[in-house]
Amino acid sequence: MIDSDLKDLWTPTGLLLGFQVTLFKWRLEREAEVGDKGDIPWLVPADYLSILGMLTFVFGVVLLPLLGLVSTGFARGSFGLGALLFVGQALGLAGHYQLFNRSETRKFVWFPTQEKIVVVLTILVCLAYVYMSTTK
């Protein structure tokens, strides 16, 4: 029998996972278009946060608890971690497109400084979250 607390997590997980998949699909389409124009397509580090977040949702909130391999508490923690990674990815993409300043010149680089700052802060917040979740 599936715990009702676990079932309650699946609705917001599905919603956030749907947003992530849509955003990731948009990124893939954009990069494919860039490649078709002869430029170099790439996944940026913020995209890797998205992939990690989606894996956290799918495995940590749905599959492993459904198989009975982890507790509902673990699923709750995984949901929080996935949500942090989702937010970090969205902010990281804004940093990648250098939207956090008013400079008129954009540098077309794989990992601009704004994105570096967001990705590092996201990783630090996620590490703090995991540490605080496990030391209760």
Side-chain angles (χ1 to χ4, degrees):
M1 177 122 178
I2 299 173
D3 185 6
S4 64
D5 289 341
L6 184 59
K7 284 182 180 180
D8 290 343
L9 276 177
W10 289 348
T11 300
T13 298
L15 183 66
L16 290 179
L17 191 56
F19 286 138
Q20 277 186 301
V21 168
T22 302
L23 184 56
F24 192 65
K25 179 182 175 283
W26 172 79
R27 286 283 304 132
L28 292 177
E29 288 173 351
R30 185 187 185 299
E31 292 305 317
E33 183 180 309
V34 165
D36 289 343
K37 291 180 181 176
D39 205 352
I40 301 169
W42 56 43
L43 291 178
V44 298
D47 292 327
Y48 293 106
L49 290 177
S50 175
I51 292 167
L52 186 58
M54 287 187 279
L55 290 172
T56 301
F57 282 139
V58 170
F59 286 100
V61 182
V62 180
L63 292 179
L64 295 177
L66 188 61
L67 294 172
L69 299 175
V70 296
S71 67
T72 303
F74 181 88
R76 271 189 247 115
S78 294
F79 176 79
L81 183 60
L84 288 173
L85 289 166
F86 170 65
V87 170
Q89 185 246 357
L91 294 175
L93 281 179
H96 175 73
Y97 292 111
Q98 301 169 28
L99 300 176
F100 292 124
N101 65 1
R102 296 179 184 254
S103 174
E104 292 182 22
T105 57
R106 263 184 66 200
K107 297 177 185 171
F108 294 96
V109 296
W110 179 67
F111 197 25
T113 303
Q114 293 179 26
E115 186 181 11
K116 286 178 185 174
I117 292 168
V118 172
V119 168
V120 167
L121 286 175
T122 300
I123 291 170
L124 290 174
V125 168
C126 287
L127 289 173
Y129 174 79
V130 169
Y131 175 77
M132 293 174 67
S133 295
T134 57
T135 58
K136 283 186 177 181

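Position 1 is the first residue of the sequence, and the numbers go up from there. Keep in mind that what you see is a predicted model, and the values were worked out from it rather than measured.
- The shortest distance between side-chain heavy atoms of Leu69 and Leu63 does not fall below 4.5 Å.
- Qualifying side chain to side chain contact (heavy atoms under 4.5 Å, CB included) partners for Gln20, counting only residues two or more places apart in sequence or in other chains: Leu17, Ser50, Met54, Phe57, Phe86.
- Residues Thr72 and Asp3 have side chains that bring a donor and an acceptor to within less than 3.5 angstrom of each other.
- Summarising the geometry of Ala75 relative to Leu6, their closest heavy-atom pair is CB-CD1, 3.7 Å, with the distance given to 0.1 Å.
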Take Val119 and Leu49 through the test side-chain contact (heavy atoms from CB on, under 4.5 Å) and record every step on the way to the result. CA-CA 8 Å; Val119 168; Leu49 290 177; 4.0 Å; yes
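- Annotation: the span from Leu85 atom CG to Leu55 atom CG amounts to 10.0 Å, rounded to 0.5 Å.
- The side-chain hydrogen bond (donor to acceptor under 3.5 Å, both in side chains) check on Lys7 picks up nothing, with sequence neighbours excluded.
- Summarising the geometry of Gly18 relative to Thr22, their closest heavy-atom pair is O-OG1, 2.8 Å, with the distance given to 0.1 Å.
- Within the structure, the ring pair (Phe, Tyr, Trp, His ring centres under 6.0 Å) test picks out no pair touching residues 6-41 (sequence neighbours left out).
- Environment of CZ in Phe111: crowded, with over 12 heavy atoms of neighbouring residues, nucleotides or ligands closer than 6.0 Å.
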Between Gln89 and Ile51, does a side-chain contact (heavy atoms from CB on, under 4.5 Å) hold up when you go through it step by step? CA-CA 9 Å; Gln89 185 246 357; Ile51 292 167; over 6 Å; no
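- For the atom pair Arg76 CZ and Asp8 CG, the distance stands at 10.0 Å (nearest 0.5 Å).
- Taking both residues in full, the closest heavy atoms of His96 and Val109 are given as CE1-O, 3.6 Å, listed atom of the first, atom of the second, then distance.
- No continuous path of hydrophobic side-chain contacts links Leu15 to Leu84 [ILVMFWY only; heavy atoms under 4.5 Å].
- Val34 and Ile40 end up in different hydrophobic clusters when Ile, Leu, Val, Met, Phe, Trp and Tyr side chains are linked at under 4.5 Å.
- For Asp36, there are no side chain to side chain contact (heavy atoms under 4.5 Å, CB included) partners two or more places apart in sequence or in a different chain.
- Counting only distance, with no hydrogens or angles, the side chain of Glu31 and the backbone of Trp42 share a donor-acceptor pair below 3.5 Å.
- The CG atom of Leu23 lies 10.0 Å from the CG atom of Leu28; values are rounded to the nearest 0.5 Å.
- Under the 4.5 Å side-chain criterion, counting only non-hydrogen atoms from C-beta, Trp110 is in contact with Pro45.
- Scanning all heavy atoms of the two residues, the minimum distance from Pro112 to Gly95 falls at CG-O, 3.7 Å.
- With hydrogens and angles ignored, the 3.5 Å screen pairs a side-chain donor or acceptor of Glu115 with a backbone N or O of Ala46.
- Judged as a side-chain hydrogen bond (donor to acceptor under 3.5 Å, both in side chains), and not counting sequence neighbours, Thr13 has no contacts.
- Criterion: ILVMFWY side-chain heavy atoms under 4.5 Å apart, direct or through other members. Under it, Ile117 and Leu99 are not part of a common hydrophobic cluster.
- Side-chain heavy atoms closer than 4.5 Å link hydrophobic residues (I, L, V, M, F, W, Y) into clusters, and following such links, possibly through other members, connects Val21 to Tyr48.
- The nearest pair of heavy atoms linking Gln114 to Ala94 is OE1-O, 4.3 Å.
- One hydrophobic cluster, built from ILVMFWY side chains closer than 4.5 Å, holds both Leu93 and Leu52.
- The distance from atom CG of Leu64 to atom OG of Ser71, rounded to the nearest 0.5 Å, is 11.0 Å.
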Review item, side-chain donor-acceptor pairs of residues 120-127, under 3.5 Å, at least two apart:
unit_1	atom_1	unit_2	atom_2	d
Thr122	OG1	Val118	O	2.8

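- Of all heavy-atom pairs between Tyr129 and Leu81, the closest is CE2-N, 3.5 Å.
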